[in-house]
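Everything quoted here is computed from the prediction, not taken from an experiment. Positions are given from 1 along the sequence.
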Amino acid sequence: MNAPARKIEVVSFGCRLNLVESEAMRVAAERAGTGDAILVNTCAVTADSVRQARQTIRRLRRENPHARIVVSGCAVETERARFAAMTEIDALLGNAQKTDPAAWRALDAGALAFEPVAGARRAQALEARAVEGHTRAFLAVQNGCDHRCTFCIIPYGRGPSRSLPAGAVVDAARRLVDAGHKDVVLTGVDLTSWGADLPGRPTLGRLVRQILRHAPRLQRLRLSSLDCIEADDELMRALAEEERLAPHLHLSLQAGDDLVLKRMKRRHLRADAVRFCAEARRLRPDIVFGADLIAGFPTETDAMFENTLRLVEDCGVTHIHAFPFSPRPGTPAARMPQVERAVVKARALRLREQGERRLAAHLSAQVGRTIDVLAERGGCGRAHDFTLVATPGVEPGALFRATVAGHDGAKLILGNSAAQ
């Protein structure tokens with residue numbers, strides 16, 4: 001009689017890369033033969049992210065008094081002493097260790113020492129499989145960051161920039177296609193820096209071309225968050241020439257005022273962002289932009305914030321991820337003169353409201369058009385340009401063409417459709 005399967009539960013916070021790594025953690029723990037355990041993969045991007053992780057760990061312990069709780073992620077890297085002091089946690093794993101089956105075996109044997117990610121020099125090839133709950137497959141091709149934006153704690157949680165070699169990326173993409181995935185998303189901490197640490201310093205554009213050439217059955221290739229100032233010429237040509245490269249870019253803009261951008265230690269100015277978006281739209285007229293924007297950065301005046309609001313219009317951003325500034329201990333921005341929290345929250349709300357208006361206008365412009373949709377779980381799917389679409393009753397993973405009949409302010413509503 002076979003022994004019952006050991007249960008591995010994963011709780012993930014934060015970015016898409018964390019989602020990929022959380023699934024890789026599960027695989028690594030299963031391969032190591034780890035017994036019943038709860039794995040928590042934390043995020044450190046804001047103070048609230050850390051607070052939520054700590055609250056969740058306490059809740060998990062209350063609900064599972066006898067479970068083994070293992071915690072990893074960026075918050076553990078940046079605030080290790082704080083997490084080590086939590087009696088609810090049985091073990092901590094470094095970011096460079098968490099997806100390594102050997103590390104899990106050593107942990108199970110009681111012989112694992114915590115290794116900070118700052119010493120990592122090579123990107124790990126993660127198990128190429130879909131993130132649980134998603135039809136799209138996420139493929140991590142880069143990790144870490146060599147930049148030091150004054151507001152950001154992530155380089156301290158992720159270590160130096162490390163790229164997965166192109167051959168390994170292509171092999172992983174092929175495995176995902178062979179497993180039935182039609183849509184693959186390339187992810188990383190600083191995706192446009194991919195290749196800078198590899199022999200010959202290949203570019204992200206070259207990688208995109210190789211994936212599309214060597215995985216001909218892949219129907220959609222997407223890119224996660226980009227730094228516009230690092231987008232290479234080959235990537236721009238691919239955007240214009242490769243129909244399977246999705247016409248959607250999520251940009252790390254952060255602000256629309258030059259003085260704020262300089263104090264953030266960003267590498268672009270407002271004009272660079274506007275020029276990039278205009279060129280991308282010239283090359284790919286159907287492109288849709290998303291953007292990360294921070295409200296209430298230290299020293300930000302009303303006039304500076306208005307410049308950020310205008311940047312949304314000047315760049316034609318459709319999807320806004322608005323973040324109220326969160327001072328992270330140890331970063332230069334935390335020592336700058338702070339904006340009152342009520343003002344920060346009010347500005348973030350204005351950004352979100354502007355995002356709602358921009359999205360509603362985009363959705364209205366789609367009515368009457370025929371679009372290709374990939375159905376996902378939960379009765380929704382994504383158009384080629386990443387627009388959310390209601391797909392009630394459609395099997396997850398189905399790719400089909402349909403006419404847009406309307407929208408509800410958040411997603412498109414379809415008329416007639418025919419699954420492919």
Side-chain angles (χ1 to χ4, degrees), residues 1-14 17-44 50 53-132 138 140 143-144 156-160 162 164-165 168 171-172 175 189:
M1 182 176 179
N2 294 331
R6 293 176 168 180
K7 180 182 178 184
I8 303 292
E9 178 184 350
V10 180
V11 180
S12 186
F13 294 87
L17 182 57
N18 249 21
L19 286 174
V20 178
E21 290 178 337
S22 293
E23 288 301 303
M25 285 172 67
R26 186 199 307 274
V27 172
E30 290 172 349
R31 287 185 173 177
T34 298
D36 293 352
I38 300 174
L39 321 180
V40 182
N41 199 14
T42 63
C43 173
V50 179
R54 287 168 58 82
Q55 285 183 341
T56 297
I57 291 166
R58 294 190 182 101
R59 175 182 59 78
L60 290 170
R61 174 55 71 204
R62 289 194 302 270
E63 296 174 354
N64 305 273
H66 304 296
R68 186 185 188 197
I69 297 179
V70 181
V71 183
S72 187
C74 292
V76 170
E77 292 283 348
T78 58
E79 302 186 35
R80 179 152 51 112
R82 193 177 180 192
F83 281 86
M86 294 184 67
T87 58
E88 296 88 353
I89 297 174
D90 294 298
L92 299 178
L93 268 177
N95 261 344
Q97 300 169 299
K98 63 186 181 184
T99 60
D100 183 359
W104 283 93
R105 285 191 289 271
L107 180 66
D108 292 342
L112 182 72
F114 188 96
E115 295 180 5
V117 76
R121 291 294 178 268
R122 183 177 298 175
Q124 295 176 329
L126 304 181
E127 179 76 12
R129 67 189 258 185
V131 173
E132 186 174 347
F138 297 89
N143 208 330
Y156 304 97
R158 286 286 179 179
R162 311 177 302 282
L164 194 64
D171 288 344
R175 288 196 298 272
V189 174

Review point. Can you find a heavy atom in the side chain of Arg58 that is under 4.5 Å from one in the side chain of Met86?
Key: yes

Check your understanding: Stepwise, does the side-chain contact (heavy atoms from CB on, under 4.5 Å) test hold for Ile89 with Ile57?
Key -> CA-CA 8 Å; Ile89 297 174; Ile57 291 166; 3.8 Å; yes

Check your understanding: Out of curiosity, Leu39 CG to Ile69 CD1, how far, rounded to the nearest 0.5 Å?
Key -> 10.0 Å

Practice item. Please report the closest heavy-atom contact between Pro65 and Arg62, naming both atoms and the distance. Key: CD-O, 3.8 Å

Check your understanding: Quick one: are Leu93 and Val76 in side-chain contact, heavy atoms under 4.5 Å?
Key -> no

Practice item. Determine yes or no for a side-chain-to-main-chain donor-acceptor pair under 3.5 angstrom, with Ser12 supplying the side chain and Ser22 the backbone. Key: no

Practice item. Report yes if some heavy atom in the side chain of Thr78 is under 4.5 Å from a heavy atom in the side chain of Phe83; otherwise report no. Key: no

Review point. Going by an N to O cut-off under 4.0 Å, is there a salt bridge joining Asp90 and Arg61?
Key: yes

Exercise for review: Could you give me the CA-CA distance, side-chain angles and deciding distance for Val71 and Thr42, then say whether side-chain contact (heavy atoms from CB on, under 4.5 Å) is met?
Suggested key: CA-CA 7 Å; Val71 183; Thr42 63; 3.7 Å; yes

**Study point:** All salt bridge (Lys or Arg N to Asp or Glu O under 4.0 Å) counterparts of Arg54, not counting sequence neighbours
**Key:** none

Review point. Quick one: does Val40's side chain get under 4.5 Å of Phe13's, heavy atoms only?
Key: yes

**Study point:** Under the salt bridge (Lys or Arg N to Asp or Glu O under 4.0 Å) test, residues paired with Asp108 that sit two or more places apart
**Key:** Arg68

Practice item. Test Leu60 against Glu88 for side-chain contact (heavy atoms from CB on, under 4.5 Å), laying out the working first. Key: CA-CA 9 Å; Leu60 290 170; Glu88 296 88 353; over 6 Å; no

Check your understanding: Would you say the side-chain atoms of Asn64 pair up with the backbone N or O of His66, donor to acceptor, closer than 3.5 Å?
Key -> no

Exercise for review: For the residue pair Trp104 and Met25, establish whether any side-chain heavy-atom pair is separated by less than 4.5 Å.
Suggested key: yes

Practice item. Measure the spacing between CD1 of Ile8 and CZ of Arg26 and express it to the nearest 0.5 Å. Key: 8.5 Å

Exercise for review: May I ask you to check whether Asn143 and Glu21 show a side-chain donor-acceptor distance below 3.5 Å?
Suggested key: yes

Exercise for review: Please report the C-alpha distance between Leu17 and Arg158 in whole Å, then the side-chain angles of each, then the deciding distance to 0.1 Å, and finally whether the side-chain contact (heavy atoms from CB on, under 4.5 Å) criterion is met.
Suggested key: CA-CA 11 Å; Leu17 182 57; Arg158 286 286 179 179; 3.8 Å; yes

Exercise for review: Could you pull out the closest heavy-atom pair between Ile38 and Ala67, with the gap in Å?
Suggested key: CD1-CB, 3.9 Å

Review point. Would Arg59 and Glu63 pass as an ion pair if we require N to O under 4.0 Å?
Key: yes

Point to revise | Spacing of Glu23 atom CD and Phe138 atom CZ [to the nearest 0.5 Å] | key: 11.0 Å

**Study point:** Exercise: do Ser72 and Asn41 side chains pair donor with acceptor under 3.5 Å
**Key:** no

**Study point:** Considering all heavy atoms, the nearest Ala91-Leu107 contact
**Key:** CB-CD1, 3.6 Å

Point to revise | Heavy-atom check, side chain of Tyr156 versus side chain of Glu77, under 4.5 Å | key: no

Review point. Taking all atoms of both residues into account, what is the closest heavy-atom pair of Ala32 and Pro101, and its distance?
Key: CB-O, 3.6 Å

Check your understanding: Which pair of heavy atoms, one from Val50 and one from Ala75, lies closest together, and at what distance?
Key -> CG2-CB, 4.1 Å

